[in-house]
Number of protein chains: 2
Amino acid sequence: MSHTYKYPRPALTVDCVVFGLLEDQLSVLLIQRAADPYRDKFALPGGFVGIDETLEAAARRELAEETNVCDLYLEQLYTFDALQRDPRERIISVAYYGLVRQVNHQPAAGSDARAVAWHRVDQLPALAFDHRAIFDTAYQRLQAKVQYQPIGFELLPRKFTLTQIQSLYETILGRELDKRNFRKKLLAMDLLEPLEEFSRGAHRAARLYRFNRSRYRLLVKQGLHFEL
Amino acid sequence: MSHTYKYPRPALTVDCVVFGLLEDQLSVLLIQRAADPYRDKFALPGGFVGIDETLEAAARRELAEETNVCDLYLEQLYTFDALQRDPRERIISVAYYGLVRQVNHQPAAGSDARAVAWHRVDQLPALAFDHRAIFDTAYQRLQAKVQYQPIGFELLPRKFTLTQIQSLYETILGRELDKRNFRKKLLAMDLLEPLEEFSRGAHRAARLYRFNRSRYRLLVKQGLHFEL
DNA sequence: AGTGTTAGTGTATATTATACACTACAACAG
DNA sequence: CTGTTGTAGTGTATAATATACACTAACACT
């Protein structure tokens, strides 16, 4: 199981910036490395790309192996290529960012990872390699994207209240939004299906909504685009 | 000069979608392949990434070698990773898109290329590999990006008239724009320096302008962003 | 001197974004 | 069972922005 090439090739990895809501705080999934280099340091989950798998498949495999997280929205972010980003050898890494709906399925440490945990984006520890730069790129992209594509819903449960989604947007964008204007705009897009279900708990119950994915696809086809 | 790795690695290439204006038509730089696979077919310029060069450096090197084009705006586009995109072996390609100011420096065929030429984007021939998909992605990105970042200027000479830039935008976006509104918005951004020079030719001379890059950077820092 | 072609300019209207405050309802405590 | 507390839910007036639209100015050429 050894392979010879005429010219030396950069190694190829994927790294994943997975966002989720932990106690209503935007958080990122980090592992603590079990091996050198950067042993014990925090890092993004990721690993080498097999010869017979797509990048996205590699990202999903590594996430499952290292963190036990699966079934998530994943999208390619950027390819990081600095010459010295890894002290071992030349490694080029294709970064993906992901959104998970429930932070329920507790992440479980797997191979290569001493521990896995969610970390609030405003309280990140120092990261290994150039992972801080990768994270920054992902966070910027999330902030930009959330304003013109309805990906925020990927972070919420399938049924949610308008208040929930508003506070999600406030968390991501880092600023407050006007309740009435937010609801007006959001409902005007006609992407949310009101349900006959209501939230339970102390205080007045709020109506639950569901994101209508097929309606979204239809609107995109017709040239209309979501903008918040 | 032979290298052994424990596990097989995908090969890594860069491909470039270089846009330019040829006779006022948005065009793309294509080579005609000199070697198999896809010998004689049209393709995007590109090639393998060396172990000691960044992706952008590889893109610039390949462009210079194959097409003699240099000094251009270049930006990473997307990484293409389908399993069978190359019939020879597993190759992952990082695509870049570029904008060149003058289509003067006639492209000259170099290694790997039988011929190099500009092709209007609305009259592209069939392309080798998955290069059609790469081109489509690049064109979409250009159309999207031109509306919120002033990259269009990279396609024009350093001194240009308002009519020139308007018709450039019309070409890229594929629709007509209102002259007065376009000028109003563009000038309101305060990114163009009016010069005391005028175009020459048949008919009334038009004032020349210059893009003020440092002013642009300043505005971006202050949170203001270009939007057309 | 006249003709043809492009350069250059302002205003009125429609659309969209913003700012803002009260009532309705449910749970819980007493 | 009633009062208190905390969240849900709703409309309008104003400001800002986008759009639609037509004529005069300047130069080159005949």
Side-chain angles (χ1 to χ4, degrees), chain A residues 21 23-24 144 146-148 150 156-157 159-171 173-211 219 222-228, chain B residues 21 23-24 144 146-148 150 156-157 159-171 173-211 219 222-228:
Chain A
L21 287 178
E23 290 158 13
D24 286 339
V146 95
Q147 292 179 74
Y148 65 90
L156 292 178
K159 300 172 180 181
F160 50 85
T161 68
L162 294 182
T163 302
Q164 272 183 294
I165 191 163
Q166 178 176 348
S167 78
L168 166 64
Y169 271 77
E170 288 176 334
T171 301
L173 298 177
R175 62 190 161 95
E176 303 215 318
L177 302 170
D178 181 90
K179 183 159 73 156
R180 279 179 289 191
N181 294 337
F182 182 84
R183 289 158 106 99
K184 210 188 309 174
K185 248 178 146 167
L186 195 58
L187 293 175
M189 291 176 199
D190 202 22
L191 288 172
L192 298 189
E193 252 181 83
L195 304 175
E196 289 311 317
E197 290 178 73
F198 295 82
S199 64
R200 320 213 95 260
H203 315 299
R204 177 171 175 179
R207 181 180 290 274
L208 293 172
Y209 291 80
R210 178 166 64 184
F211 180 68
L219 290 180
Q222 295 177 359
L224 195 65
H225 69 297
F226 177 94
E227 196 160 321
L228 217 127
Chain B
L21 288 177
E23 290 157 15
D24 286 339
V146 96
Q147 291 179 75
Y148 65 90
L156 292 178
K159 300 171 180 180
F160 50 83
T161 68
L162 295 181
T163 301
Q164 272 183 292
I165 190 162
Q166 179 176 348
S167 78
L168 166 64
Y169 271 78
E170 289 176 335
T171 301
L173 298 176
R175 61 190 161 96
E176 302 215 320
L177 303 170
D178 180 90
K179 182 158 72 156
R180 280 180 288 192
N181 293 338
F182 182 84
R183 290 157 107 98
K184 209 188 310 174
K185 247 178 147 167
L186 196 58
L187 293 175
M189 291 175 200
D190 201 22
L191 289 171
L192 299 188
E193 253 180 82
L195 304 174
E196 288 312 316
E197 290 179 73
F198 295 82
S199 66
R200 322 213 93 259
H203 315 301
R204 178 172 173 177
R207 180 179 292 273
L208 293 172
Y209 290 80
R210 178 166 62 186
F211 179 68
L219 291 179
Q222 296 177 358
L224 194 67
H225 71 294
F226 178 95
E227 196 160 319
L228 217 127

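First the proteins, then the strands, lettered A, B, ... as listed; each starts at 1. If you're wondering where the values come from, they're calculated on a predicted model, not measured in any experiment. For the numbers below, each heavy atom of this structure counts, side chains included, while hydrogens, waters and symmetry mates do not.
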Under 3.5 Å, which N/O atoms of the protein pair with N/O atoms of nucleotides 28-30 of chain D?
| unit_1 | atom_1 | unit_2 | atom_2 | d |
| --- | --- | --- | --- | --- |
| dA28(D) | O4' | His203(B) | N | 3.3 |

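Among the atoms of the strands shown, base atoms are found under 4.0 Å from some heavy atom of Arg183(A).
Here the straight-line distance linking atom CG of Leu186(B) with atom CG of Asn181(B) works out to 12.0 Å at 0.5 Å rounding. Remark: Leu168(A) CG to Thr163(A) OG1 distance equals 12.5 Å, nearest 0.5 Å.
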- Note on the structure: Protein-proximity profile, nucleotides 13-19 of chain C, B/S/- by nucleotide at the 4.0 Å heavy-atom cutoff, equals -----BB

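Note on residues 187-205 of chain A: pairs passing salt bridge (Lys or Arg N to Asp or Glu O under 4.0 Å), not counting sequence neighbours, are Lys159(A)-Glu197(A), Asp190(A)-Arg215(A), Glu193(A)-Arg210(A), Glu196(A)-Arg207(A). Annotation: salt bridge (Lys or Arg N to Asp or Glu O under 4.0 Å) contacts involving residues 173-182 of chain B, sequence neighbours excluded, are absent.
Of all heavy-atom pairs between Ala206(A) and Thr161(A), the closest is CB-CG2, 3.8 Å. The minimum heavy-atom distance linking Phe182(A) with Leu228(A) is given by the pair CE1-CD2, 3.6 Å. Taking all atoms of both residues into account, the shortest heavy-atom contact from Pro150(B) to Tyr169(B) is CA-OH, 4.4 Å.
Remark: P of dA25(D) and CZ of Phe198(B) are 17 Å apart, rounded to the nearest angstrom. Here dG8(C) presents its C1' atom at 15 Å from CZ of Phe182(B), a figure rounded to the nearest Å. In this structure, NZ of Lys179(A) is placed 14 Å from P of dT23(C), rounded to the nearest angstrom. dC20(C) atom P lies 15 Å from atom CG of Leu177(A), rounded to whole Å. In this structure, the CD atom of Gln164(B) is 11 Å from the P atom of dG8(C), given to the nearest Å.
Contact check, Thr163(B) against dA7(C): a side-chain N or O comes under 4.0 Å of OP1 or OP2.
Less than 4.0 Å separates DNA chain C from no heavy atom of any residue of residues 186-194 of chain B.
In Gln222(B), the CD atom is crowded: over 12 heavy atoms of neighbouring residues, nucleotides or ligands sit closer than 6.0 Å.
In this view, Phe226(A) satisfies the ring pair (Phe, Tyr, Trp, His ring centres under 6.0 Å) rule with no residue, not counting sequence neighbours.
With hydrogens and angles disregarded, no donor-acceptor distance shorter than 3.5 Å links the side chain of Gln166(A) to the backbone of Arg183(A).
Between Leu192(B) and Phe211(B) the shortest side-chain heavy-atom distance falls below 4.5 Å.
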